[in-house]
Amino acid sequence: MGVFDFVKKMATGASDEDNRKNKARMREIFNSLVPNGDDYKLIYCHMEDYHNAVVVEVNVHSNYIVGYKPGEVVVIAVEADLTKYEEPEFFNRENGSKTEASWTGYCVVKNSQASYQFVPVTYEPGINRGAKYSVAVTQSSEEVSAFRKFFKAGL
């Protein structure tokens, strides 16, 4: 990694090489689990939940590959290094699912069996204390905007 890539990684959370490799890996994971995976647009989402315990504050970090196309959203929980992942969860009209987008930036997909609230990430600064818990990837504001518009419009 050159000096420029090191600086870019510190500023945005991902060097050009990290970004390319991790986006390719997310597509590979998604396509291996979802039939006709290339029909879906993909976006990376992160969620950080804080819980106050008696003595300490507990932070829970969650990472998701979210695929979406008209009428359906697929959520795959992944580890930050993209080596472990869970089975996909499908949300569509047939199983009574709904999407929502809040004015604060959160997107929600839910049905009677599950509910997810997440934030599509444009970048996660590499110097941010939570950056090590996030996938090293950058996404354009256009990608995030299209995702939020999809969630706001609904399935």
Side-chain angles (χ1 to χ4, degrees), residues 1 5 8-49 59-126 128-155:
M1 181 184 313
D5 263 357
K8 189 169 189 173
K9 184 168 185 147
M10 293 303 290
T12 67
S15 67
D16 290 340
E17 181 181 348
D18 290 336
N19 193 46
R20 182 189 52 73
K21 285 173 32 179
N22 287 336
K23 282 188 173 184
R25 178 68 179 138
M26 288 191 298
R27 176 55 74 183
E28 178 185 322
I29 291 168
F30 192 85
N31 287 359
S32 75
L33 297 171
V34 178
N36 301 312
D38 285 330
D39 293 347
Y40 296 78
K41 290 183 181 180
L42 294 188
I43 195 154
Y44 163 69
C45 295
H46 178 79
M47 191 65 212
E48 188 173 8
D49 193 13
N59 298 331
V60 177
H61 299 270
S62 304
N63 296 287
Y64 305 101
I65 300 170
V66 181
Y68 64 101
K69 68 178 185 177
E72 189 161 68
V73 173
V74 180
V75 178
I76 300 172
V78 297
E79 294 291 326
D81 63 3
L82 298 174
T83 58
K84 296 180 184 171
Y85 46 90
E86 296 180 10
E87 289 296 313
E89 293 187 60
F90 294 82
F91 296 85
N92 51 49
R93 293 181 196 119
E94 289 76 32
N95 63 21
S97 299
K98 296 183 180 187
T99 62
E100 300 170 4
S102 74
W103 62 272
T104 57
Y106 291 99
C107 294
V108 176
V109 62
K110 61 184 174 182
N111 60 27
S112 62
Q113 288 81 39
S115 176
Y116 289 96
Q117 175 181 322
F118 29 62
V119 178
V121 175
T122 49
Y123 72 93
E124 184 77 21
N128 182 326
R129 70 181 178 141
K132 68 180 179 181
Y133 301 107
S134 300
V135 176
V137 68
T138 58
Q139 297 170 129
S140 71
S141 56
E142 291 81 15
E143 289 173 299
V144 171
S145 178
F147 179 75
R148 287 188 175 134
K149 284 179 187 175
F150 175 86
F151 267 66
K152 189 173 184 177
L155 294 172

Within the 4.5 Å heavy-atom criterion, are [X] and [Y] side-chain neighbours or not?
X	Y	result
Phe147	Cys45	yes
Val119	His46	no
Phe118	Val75	yes
Ser134	Tyr44	yes
Glu72	Tyr40	yes
Phe150	Val73	yes
Met26	Val137	yes

Considering all heavy atoms, the nearest [X]-[Y] contact:
X	Y	result
Val78	Ile65	CG1-CD1, 3.6 Å
Asn63	Val135	OD1-N, 3.8 Å
Tyr68	Ile43	CE2-CG2, 4.4 Å
Val34	Pro88	CG2-CB, 4.2 Å
Thr99	Gly154	OG1-CA, 3.0 Å
Pro120	Val144	CG-CG1, 3.8 Å

Check your understanding: Considering residues, nucleotides and ligands other than Lys23, do more than 12 of their heavy atoms fall under 6.0 Å from its NZ?
Key -> yes
Review point. Would you find more than 12 non-hydrogen atoms of other residues, nucleotides or ligands less than 6.0 Å from Tyr106 atom OH?
Key: no
Exercise for review: Name the orientation class of the two ring planes belonging to Tyr116 and Tyr64 (parallel below 30°, tilted from 30 to 60°, perpendicular beyond 60°).
Suggested key: perpendicular
Check your understanding: Thinking salt bridges, do Lys41 and Glu143 make one under a 4.0 Å N-O criterion?
Key -> no
**Study point:** Heavy-atom donor-acceptor pair, Arg27 side chain to Gly37 backbone, under 3.5 Å
**Key:** yes
Practice item. Examine distances only and state if a side-chain atom of Asn95 and a backbone atom of Phe90 form a donor-acceptor pair shorter than 3.5 Å. Key: yes
Nearest 0.5 Å please: distance from the [atom1] atom of [X] over to the [atom2] atom of [Y].
X	Y	atom1	atom2	value
Asp39	Asn31	CG	CG	9.0 Å
Gln139	Leu42	CD	CG	9.5 Å
Leu33	Ile76	CG	CD1	4.5 Å
Arg25	Thr83	CZ	OG1	8.0 Å
Lys98	Ser115	NZ	OG	12.5 Å

Revision key, fill the gap. Only residue of Lys152, Lys110, Arg148 satisfying salt bridge (Lys or Arg N to Asp or Glu O under 4.0 Å) with Glu100 is Lys110
